[in-house]
Amino acid sequence: MRASRLDRSPGRPDIRLPLYRGSPLAALLASVLLLGAAACGQGASTGAATPDRILHNGQVVAVDDDFSVAQAIAWRRSPGGSEIMRVGTDEEVLALAGPDTRVTDLGGRVVLPGLIDSHLHFSQLGIEAEFENDLRYAMSTEEIVQLIADLMERLDPGPGEWVTSRGWDEHKYERPFTRWQLDEHTPDNPVRLGRVYRGVAVNTAAFRLMGIDDSDSSTWPDWWLQDLDWFNYEDRVFREMRTLTVDGQTREVEVPTGMFLGNATRLVTVNPPQRDYEAQLRAIDYGSREMTSLGVTAIVDPGGGGRVMRAYQDARDRGLLHFRILQVYEGMWNTQSPEAIDAHFAALPFNNLGDRFLRWRGTKWQIDGGAGTRSSWVSVPFVDWESIEGEPNHGYHWVEDDVREAQLRRTVDRGWEPHIHSTGDLGVKQTVDIYAKLMDSIWAEDPDADLRWSVIHAYLPMEAETSVLDKMAEYGIIAAVNPSFIYHQGRSFSANLSPERMARLKPMRSYLDSGVRIAVGSDYGTSPYSPWIGLYAMLTRTDLWGDQHGPEQIITLEEALRGMTIDNAYLTYSDDWTGSLEPGKVADLVVLDLEDLWELEREPDRILDMGDRVLLTLVDGNPAFQRGGFAF
């Protein structure tokens with residue numbers, strides 16, 4: 001394993017400096033400050049002789065190299081936050097207690113390291129909870145319409161106020177819902193409903209805001225009755241034959257239902273107003289409380305960048321950020337020219353900015369689309385292309401190899417590591433091949449460069465003609481996967497890719513057997529934010545309908561938990577101070593109302609209830625969530 005470019009030993013303050021390759025001044029400043037930090041850390045470790053807190057009589061799962069299971073854990077306050085002193089037997093740990101140590105009897109319950117989500121678009125989570133209804137679990141058109149009716153009753157919006165929600169997936173319903181069904185409950189309110197990925201649905205009031213009137217053909221845009229020349233495979237305007245009075249005459253006409261996919265969403269030119277800044281801060285407060293109630297102590301925000309950093313920083317300063325945001329990627333980048341990308345990053349005076357609670361580092365890119373919208377870049381066409389597209393559909397990709405390489409060089413040379421959305425086998429192969437070229441050139445100059453680059457989503461890495469598993473392992477390229485897609489979108493993915501390819505989608509077993517590290521995330525808002533859904537999917541490969549996809553790719557509970565804790569910490573350059581319960585690391589942990597962790601492997605259906613069984617979540621040794629009735 002290649003050594004880190006910065007020594008960040010446990011217990012030291014977490015210092016982040018701009019890292020410009022080849023900058024002697026940056027290296028000198030880093031050395032001076034790290035020496036000072038080391039002195040502070042050494043002084044702190046010789047201070048308190050006894051722990052501040054002890055949890056004992058439990059099943060403490062350390063997720064260390066040996067996946068040790070202990071009975072008790074002790075930690076103390078330190079200048080850098082918290083520091084675990086001992087994980088061991090009750091006798092070993094209780095022997096450390098002093099007169100001021102607070103001791104909690106766990107009653108045999110399970111303790112895990114705090115869960116880390118490697119891919120969660122966090123800024124909207126609280127907004128959705130306060131102002132929207134979650135459409136992701138709806139399994140019929142009727143359920144979608146009822147959720148919007150319920151939302152209207154709950155919010156009671158005035159005429160003209162926008163109604164929004166997200167998470168629909170047309171593949172889950174016998175027939176897609178229409179604007180006319182929404183109109184029954186929202187006649188005076190424009191509606192905008194986001195799909196799980198690259199889609200939007202609106203009602204007739206939204207069309208009126210666009211100046212479109214069903215009864216006046218002069219208001220109809222050029223896409224109203226037929227698709228546009230620039231439409232690609234995933235671009236679609238849903239239409240339905242209706243009996244309408246148009247220009248004073250009754251006629252049968254096929255008009256848009258309000259549902260749009262792919263780039264066709266750009267045809268919807270009206271949007272709800274942005275929530276005010278205080279609402280954004282409330283969302284961060286609510287959202288981070290919600291995540292800690294599920295046992296999550298840290299996340300990666302894969303694409304907020306500088307746009308959200310001000311709100312995150314203000315929320316932290318006001319005490320409204322209740323967990324760690326280990327990385328906020330700067331992006332999204334796809335078709336921008338290398339010169340424009342270079343100018344953007346040249347204007348940023350720093351990178352790798354922040355501390356253990358909020359860090360801005362890394363870049364987010366996109367190479368292709370997704371399986372649900374038939375836009376992943378695949379070598380074998382999507383199934384049923386004869387009847388759906390009329391010609392072989394291989395999806396799409398944003399740029400060719402030489403352009404992507406030039407784009408990336410402008411950023412990695414400035415010290416920004418890349419993370420690229422790649423779903424189809426050709427998309428994954430392009431990403432891995434270009435990564436390898438760039439890594440080779442970097443290591444030629446700096447053999448100790450610590451490169452933790454990831455392929456985001458990484459659906460199909462092992463197709464016969466395009467397999468990159470061995471190359472990913474050789475170069476240490478991380479598969480940043482979202483197994484919850486299997487649970488929530490298994491049916492649509494299988495229908496579009498074929499059951500055979502679906503069985504190989506996100507192949508956790510093959511990744512691990514090949515030596516590829518996996519980092520697990522939810523990809524909220526495409527999928528729900530509960531980490532337990534992803535755990536269930538990794539242990540069962542089963543979807544909402546009860547269909548199983550590729551049982552040979554099931555992994556063990558131990559392997560899955562590593563992907564949700566220590567390996568996510570590794571992705572974010574945080575594994576030396578978090579991600580496992582070991583001496584010297586911070587006290588980020590979760591207590592579950594469960595007496596034996598292995599029950600979840602023997603009875604995986606229990607995993608889906610674990611969100612309600614989180615009793616306590618500690619971030620830096622402090623309660624971020626505590627369920628009523630549990631004494632701490």
Side-chain angles (χ1 to χ4, degrees), residues 1 61-68 110 112-120 291 294-300 302 324 326-327 419 428 452-459 461-462 469 472-473 476-487 504-524 527-542 549-550 552-576 578-582 585 588-590 592 597-598 600-601 604 607-608 610:
M1 186 179 297
V61 183
V63 195
D64 56 3
D65 288 345
D66 298 322
F67 211 74
S68 305
V110 169
L112 295 176
L115 305 180
I116 302 172
D117 190 314
S118 68
H119 194 107
L120 188 144
M291 293 307 298
L294 294 167
V296 175
T297 57
I299 67 162
V300 173
R324 305 179 194 273
L326 295 176
Q327 287 186 314
H419 306 275
V428 173
R452 305 184 187 186
W453 302 359
S454 75
V455 183
I456 296 174
H457 306 312
Y459 289 179
M462 52 182 288
L469 285 176
M472 291 179 71
I477 296 168
I478 300 164
V481 291
N482 313 112
S484 56
F485 286 15
I486 297 169
Y487 181 71
R504 300 188 295 271
L505 184 127
K506 300 179 184 291
M508 309 299 183
R509 177 78 276 143
S510 296
Y511 272 132
L512 294 177
D513 288 350
S514 298
V516 177
R517 192 187 301 258
I518 62 172
V520 177
S522 63
D523 196 14
Y524 169 84
S527 287
Y529 48 76
S530 171
W532 303 103
I533 294 172
L535 180 61
Y536 176 80
M538 287 186 281
L539 268 61
T540 67
R541 302 281 297 188
T542 300
H549 307 279
E552 64 276 6
Q553 293 298 337
I554 287 172
I555 61 176
T556 68
L557 177 61
E558 174 183 334
E559 291 167 330
L561 286 174
R562 288 189 185 280
M564 300 171 73
T565 55
I566 189 63
D567 288 339
N568 277 344
Y570 175 85
L571 170 74
T572 61
Y573 296 85
S574 309
D575 53 311
D576 53 359
T578 192
S580 61
L581 302 178
E582 300 180 79
K585 292 194 173 186
D588 288 2
L589 57 87
V590 56
L592 302 176
L597 177 68
W598 308 109
L600 301 184
E601 196 156 55
I607 297 171
L608 296 175
M610 291 312 298

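Because only heavy atoms are used, hydrogens play no part in the values below, and waters and symmetry mates are left out as well, while side chains stay in. Because the structure is predicted, anything quoted here is derived from the model rather than measured.
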> Looking only at heavy atoms, which two atoms of P113 and A62 are closest? And how far apart?
Replying inline: CG-O, 3.7 Å
>> Nearest 0.5 Å, please: how far is CE in M472 from CZ in R517?
In response: 12.0 Å
> Which value, rounded to the nearest 0.5 Å, describes the distance between I566 atom CD1 and L571 atom CG?
Replying inline: 11.5 Å
> Given L326 and Y573, is the side chain to side chain contact (heavy atoms under 4.5 Å, CB included) satisfied, shown in steps?
Replying inline: CA-CA 9 Å; L326 295 176; Y573 296 85; over 6 Å; no
>> Quick check: do M610 and V110 have side-chain heavy atoms less than 4.5 Å from each other?
In response: no
> For A519, does its backbone N or O pair with a side-chain atom of D567 as donor and acceptor, under 3.5 Å?
Replying inline: no
> Atom CG of L600 and atom CG of L592: how far apart are they, to the nearest 0.5 Å?
Replying inline: 7.5 Å
>> Would M538 and E559 count as a side chain to side chain contact (heavy atoms under 4.5 Å, CB included) here? Give the steps.
In response: CA-CA 9 Å; M538 287 186 281; E559 291 167 330; over 6 Å; no
> Would you find a donor on one side and an acceptor on the other, under 3.5 Å apart, between the side chain of S514 and the backbone of V516?
Replying inline: no
> For the residue pair L115 and P531, what are the closest heavy atoms and their distance?
Replying inline: CD1-CG, 3.8 Å
> On the ring face of F67, is R562 found with NZ or CZ under 6.0 Å from the centre and within 45° of the axis?
Replying inline: no
>> Would M291 and L120 count as a side chain to side chain contact (heavy atoms under 4.5 Å, CB included) here? Give the steps.
In response: CA-CA 11 Å; M291 293 307 298; L120 188 144; 3.6 Å; yes
>> Over 60° means perpendicular and under 30° means parallel, so tell me whether Y529 and Y524 are parallel, tilted or perpendicular.
In response: perpendicular
> Is there side-chain contact between L608 and Y487, with at least one heavy-atom pair below 4.5 Å?
Replying inline: yes
> Rounded to the nearest 0.5 Å, how far apart are CZ of R452 and CG of D575?
Replying inline: 4.5 Å
>> Could you report the tightest heavy-atom contact between Y536 and P604, atom names first, then the distance?
In response: CD1-O, 3.3 Å
>> Using 0.5 Å steps for rounding, measure from the CD1 atom of I116 to the CD atom of Q327.
In response: 10.5 Å
> Do V590 and T297 come within less than 4.5 Å of each other through their side chains, counting heavy atoms only?
Replying inline: no
>> Taking the side chain as everything from C-beta on, heavy atoms only, tell me whether H419 gets closer than 4.5 Å to I478.
In response: no
>> Testing the basics here: between S580 and V63, what is the closest heavy-atom pair and its distance to 0.1 Å?
In response: CB-O, 3.3 Å
> In Å, rounded to the nearest 0.5 Å, how long is the span from CD1 of I554 to CZ of R509?
Replying inline: 10.0 Å
>> Using the ring-ring contact (aromatic ring centres under 6.0 Å, His included) criterion, which residues pair with H549? Sequence neighbours excluded.
In response: none
> Closest heavy-atom contact between A537 and I486?
Replying inline: CB-CB, 4.4 Å
>> Contact between L557 and L535 at the side-chain level, heavy atoms closer than 4.5 Å - yes or no?
In response: yes
>> For Y459 versus V428, what's the shortest heavy-atom pair and its separation?
In response: N-CG2, 4.4 Å
> Just wondering, do L561 and L597 contact through their side chains at under 4.5 Å, heavy atoms?
Replying inline: yes
> Can you tell if the side chain of Q553 reaches within under 4.5 Å of the side chain of R541, non-hydrogen atoms only?
Replying inline: yes
> Are any of the side-chain heavy atoms of S522 and I533 separated by less than 4.5 Å?
Replying inline: no
>> salt bridge (charged side-chain N to carboxylate O under 4.0 Å, His left out) for D64 and K585? Distances and angles first, verdict last.
In response: CA-CA 11 Å; D64 56 3; K585 292 194 173 186; over 6 Å; no
> Should L539 and I607 be marked as a side chain to side chain contact (heavy atoms under 4.5 Å, CB included) after you check the CA-CA gap, both sets of side-chain angles, and the distance that decides it?
Replying inline: CA-CA 10 Å; L539 268 61; I607 297 171; 3.8 Å; yes
> Distance-only, no hydrogens or angles: does the N568 side chain make a donor-acceptor pair with backbone N or O of V520 under 3.5 Å?
Replying inline: yes
